[in-house]
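The structure under discussion appears below in the form of structure tokens.
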There are 2 protein chains.
Amino acid sequence: MRHIARSPSDVGHALREARKAKKLTQKELAARSGIWQETISKIENGHPGTKLETLFDLCAALSLELVFTERSSAPAIEDIF
Amino acid sequence: MRHIARSPSDVGHALREARKAKKLTQKELAARSGIWQETISKIENGHPGTKLETLFDLCAALSLELVFTERSSAPAIEDIF
DNA sequence: TGTCAATATGATCTTTAGAGCATAAAGTGG
DNA sequence: CCACTTTATGCTCTAAAGATCATATTGACA
């Protein structure tokens with residue numbers, strides 16, 4: 001799993017893909033992360049204003065990490081391998 | 001440039017390193033990103049609650065992108081090459 | 001060490017995320 | 001179709017981010 005994100009809605013997309021890849025429901029992820037299912041739904045759908053703390057709680061529960069890199073010229077939202 | 005971030009303060013660290021690598025002052029970055037110098041200072045120092053919108057504004061101004069990946073077992077905060 | 005740039009801190013104010021709860025809508029399998 | 005699960009939406013309330021300005025502190029260097 002590897003997703004490039006350049007906007008909050010990309011983040012929502014990446015989180016949803018990661019969650020699905022691990023076959024978790026929002027409810028299960030909520031239980032693991034401490035973030036409410038309703039909030040997860042909103043984040044996955046790109047609602048504005050998500051805080052970094054919330055993001056990292058979800059990342060931890062999904063065993064994800066964020067890597068900052070120089071911006072590539074490659075296409076944005078899509079998955080890369 | 002490549003930084004792993006697993007917490008908001010890692011993000012602050014990564015942003016500061018990226019800004020310095022590009023030889024920009026907080027003031028210059030503020031002008032480019034639309035985020036206030038005071039706010040940049042707080043983010044770099046790990047003040048809580050930074051929003052994704054703010055982060056991406058800074059990333060855009062620094063030509064950075066975020067990549068979500070499976071968590072490695074490698075050491076956390078440090079830079080990797 | 002004096003000056004100016006760079007960064008940090010601190011206060012106020014406005015806006016809003018997210019908790020928390022209820023419930024609607026959408027999916028899905030029998 | 002129906003019942004159940006999953007996801008989305010909507011509400012109120014409270015805590016807090018970030019804009020904004022003012023100022024303190026730190027850092028560079030001539």
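Protein chains get the first letters and strands the later ones, always in sequence-line order, with residue 1 at the start of each. Since the model is a prediction, treat every value here as computed from it, not as a measurement.
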Problem - Nucleotide C:dT9, atom C1' - distance to CD1 of B:Ile43 in whole Å - result: 15 Å

Handout entry: Shortest side-chain distance from B:Lys42, nucleotide among C:dG18, D:dC11, C:dA11
Key = C:dA11

Problem - Sugar-phosphate only, base, or nothing, as touched by B:Ser41 at under 4.0 Å among non-hydrogen atoms - result: base

Exercise for the section: Would you mind classifying the nucleic acid contact of A:Thr25 as base, sugar-phosphate or nothing, using non-hydrogen atoms under 4.0 angstrom? Expected result: sugar-phosphate

Problem - N/O (side chain, A:Trp36) to phosphate O (OP1/OP2, C:dG20) under 4.0 Å - result: yes

Exercise for the section: Identify which nucleotide among D:dG18, D:dT9, C:dG10 has an atom closest to any side-chain atom of B:Thr39, counting heavy atoms from C-beta outward. Expected result: D:dG18

Handout entry: Rounded distance in Å - CG (B:Leu52) to P (C:dT16)
Key = 16 Å

Exercise for the section: Decide, yes or no, whether a salt bridge links B:Lys22 with A:Glu70 under the criterion of side-chain N to carboxylate O below 4.0 Å. Expected result: yes

Fill in the blank from the handout: So CZ of A:Arg6 and CG of B:Leu64: to nearest 0.5 Å the spacing works out to 10.5 Å

Problem - Side-chain (A:Glu53) to main-chain (B:Gly49) donor-acceptor, under 3.5 angstrom - result: yes

Exercise for the section: Mind calculating the distance between CG (A:Leu24) and P (D:dT6) to the nearest angstrom? Expected result: 11 Å

Practice task
Please report, rounded to the nearest Å, how far the P atom of C:dG27 is from the NZ atom of A:Lys27.
Solution key: 19 Å

Fill in the blank from the handout: Result for 5'-nearest mapping on DNA chain C, choosing between B:Asn45 and B:Glu53, is B:Asn45

Exercise for the section: Take atom CG of A:Asp57 and atom P of C:dA19, then tell me their distance rounded to the nearest Å. Expected result: 9 Å

Completion exercise
To the nearest angstrom, the CD-C1' distance between A:Gln37 and C:dA17 comes to 17 Å

Exercise for the section: Choose from C:dA8, D:dT7, D:dG18 the nucleotide whose nearest atom is closest to any side-chain atom of A:Arg16. Expected result: D:dT7

Handout entry: Listed nucleotide nearest any side-chain atom of A:Gln26, set C:dT9, D:dT7, D:dT9
Key = D:dT7

Practice task
Rounded off to whole Å, could you give me the NZ-to-C1' distance for the B:Lys20 and D:dA28 pair?
Solution key: 14 Å

Practice task
Counting heavy atoms from C-beta on, name the nucleotide in C:dA8, D:dG10, C:dA11 closest to the side chain of A:Glu38.
Solution key: D:dG10

Completion exercise
To the nearest angstrom, the CD-C1' distance between A:Glu28 and D:dT6 comes to 10 Å

Problem - Options D:dT7, D:dA8, C:dG10, nucleotide nearest the side-chain atoms of A:Arg19 - result: D:dT7

